[in-house]
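These notes are about the structure you will find just below.
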Amino acid sequence: QSELVQLLDIPLQPLRDALRVLEAEGVLTIHSRSGIQFLKPDLELARSTYQFRSIIERAAARAFAETAELDKIEAMAKAHHKIMKEIETKGFDSHMLEKLEALEQQLHGGMIAALRNPLIETTARRLKNYVTLIRLERLITQPLALRTLREHLEIIDACAQRDADRAEAAVAAHFQAALQRILGML
């Protein structure tokens with residue numbers, strides 16, 4: 001912890017508080033006097049995380065397709081098309097990765113919010129932490145980014161058509177494809 005205090009230039013108590021939160025979230029284990037052990041992303045963590053996300057977000061996609069404001073859905077579609085065009089013309093770099101992450105949060109966070117359930121929102125945030133760990137060693141390339149965006153657009157299009165069955169199926173397909181991409185990396 002003292003090394004982290006120096007590295008991050010923060011006081012010890014806020015660091016300890018943050019580490020306790022991460023430990024409660026299952027992201028790390030604090031071993032007194034011997035260090036901090038971060039959760040190692042492996043096949044089981046990836047499979048479990050994406051399976052759980054799929055269960056939650058299939059219901060969320062249905063709710064979003066049935067209740068989301070059409071202008072919000074259209075704005076998501078436009079944002080996805082815009083970044084796709086940017087990636088195709090300018091390539092994929094860390095700036096584009098930030099934009100992709102923002103779109104990811106906008107879509108998945110928007111669907112989760114459609115359920116209006118604080119317990120699910122808390123669980124979804126925890127799962128997002130696991131996804132972040134799983135993706136740490138994953139290189140996002142231009143083809144992978146474009147594939148993800150096309151999968152998102154399938155979900156968005158189904159929601160725009162108010163087709164809850166198709167939205168649910170598109171989310172399931174998206175998570176299955178994402179898990180396959182992760183497995184190729186592990």
OG-CG distance between Ser48 and Leu179, expressed to the nearest 0.5 angstrom:
10.0 Å
Which ring pair (Phe, Tyr, Trp, His ring centres under 6.0 Å) pairs, counting each pair once, include a residue from residues 10-33, with sequence neighbours left out?
none
Could you name each residue pair satisfying ring pair (Phe, Tyr, Trp, His ring centres under 6.0 Å) that touches residues 83-103, not counting sequence neighbours?
none
From Ile120 CD1 over to Leu115 CG, what is the distance, rounded to the nearest 0.5 angstrom?
5.0 Å
What distance separates Ile36 CD1 from Leu19 CG, expressed to the nearest 0.5 Å?
4.5 Å
Under 4.5 Å between side-chain heavy atoms, counting indirect links through other Ile/Leu/Val/Met/Phe/Trp/Tyr residues: same cluster for Leu127 and Ile55 or not?
no
Applying side-chain hydrogen bond (donor to acceptor under 3.5 Å, both in side chains), can you list everything that pairs with Asn117, at least two apart in sequence or on another chain?
none
List the residues meeting side-chain hydrogen bond (donor to acceptor under 3.5 Å, both in side chains) with Gln106, not counting sequence neighbours, and say none if there are none.
none
Return the set of residues passing side-chain hydrogen bond (donor to acceptor under 3.5 Å, both in side chains) with Thr122 (not counting sequence neighbours), or none when no residue passes.
Arg125
Within the 4.5 Å heavy-atom criterion, are Thr148 and Glu104 side-chain neighbours or not?
yes
Only distances under 3.5 Å count here; give the side-chain donor-acceptor pairs of residues 67-82 to other protein atoms, sequence neighbours excluded, each with its distance to 0.1 Å.
{"from": "Thr67", "atom 1": "OG1", "to": "Ala63", "atom 2": "O", "distance (Å)": "2.7"}
{"from": "His80", "atom 1": "ND1", "to": "Met76", "atom 2": "O", "distance (Å)": "2.8"}
{"from": "His80", "atom 1": "NE2", "to": "His152", "atom 2": "ND1", "distance (Å)": "2.9"}

All salt bridge (Lys or Arg N to Asp or Glu O under 4.0 Å) counterparts of Arg58, not counting sequence neighbours
Glu168
pair Phe52-Thr123: side-chain heavy atoms closer than 4.5 Å
yes
Partners passing side-chain contact (heavy atoms from CB on, under 4.5 Å) against Thr141 (at least two apart in sequence or in another chain)
Leu139, Pro143, Leu144
Any side-chain heavy atom of Leu183 sitting closer than 4.5 Å to one from Leu43?
yes
Between Tyr50 and His174, ring centroids under 6.0 Å:
no
Do any N or O atoms from the side chain of Glu23 and from the backbone of Ile30 form a donor-acceptor pair under 3.5 angstrom?
yes
Close side-chain approach of Leu45 to Thr49, heavy-atom, < 4.5 Å
yes
To the nearest 0.5 Å, what is the distance between CD1 (Ile155) and CZ (Arg166)?
11.0 Å
Just wondering, more than 12 heavy atoms not from Gln13 lying within 6.0 Å of its CD?
yes
Would you mind reporting whether Asp17 and Val21 have side-chain heavy atoms less than 4.5 Å apart?
no
Under the salt bridge (Lys or Arg N to Asp or Glu O under 4.0 Å) test, residues paired with Asp163 that sit two or more places apart
none
Sorted by chain and number, sequence neighbours left out, salt bridge (Lys or Arg N to Asp or Glu O under 4.0 Å) with Arg162 holds for none
Side chain proximity check, Gln105 to Lys128, heavy atoms < 4.5 angstrom:
yes
Got a list of side-chain donor-acceptor pairs under 3.5 Å for residues 84-91, not counting sequence neighbours?
{"from": "Glu86", "atom 1": "OE1", "to": "Lys99", "atom 2": "NZ", "distance (Å)": "2.7"}
{"from": "Glu86", "atom 1": "OE2", "to": "Lys99", "atom 2": "NZ", "distance (Å)": "3.4"}
{"from": "Thr89", "atom 1": "OG1", "to": "Lys85", "atom 2": "O", "distance (Å)": "2.9"}
{"from": "Thr89", "atom 1": "OG1", "to": "Glu86", "atom 2": "O", "distance (Å)": "3.3"}

So if you build clusters from Ile, Leu, Val, Met, Phe, Trp, Tyr with side-chain heavy-atom gaps below 4.5 Å, do Ile182 and Leu136 land together?
yes
Between Glu151 and Arg181 (salt bridge meaning N to carboxylate O under 4.0 Å), is one present in this structure?
yes
Test of understanding: with side-chain hydrogen bond (donor to acceptor under 3.5 Å, both in side chains), list the residues that count as partners of Arg150, not counting sequence neighbours.
none
Before accepting this row, confirm whether a basic side-chain N of the pair Glu57/Arg62 lies closer than 4.0 Å to the acidic partner's carboxylate O.
no
Kindly indicate, with the supporting measurements, whether the criterion side-chain contact (heavy atoms from CB on, under 4.5 Å) is fulfilled by His108 and Val171.
CA-CA 10 Å; His108 293 284; Val171 164; 5.8 Å; no
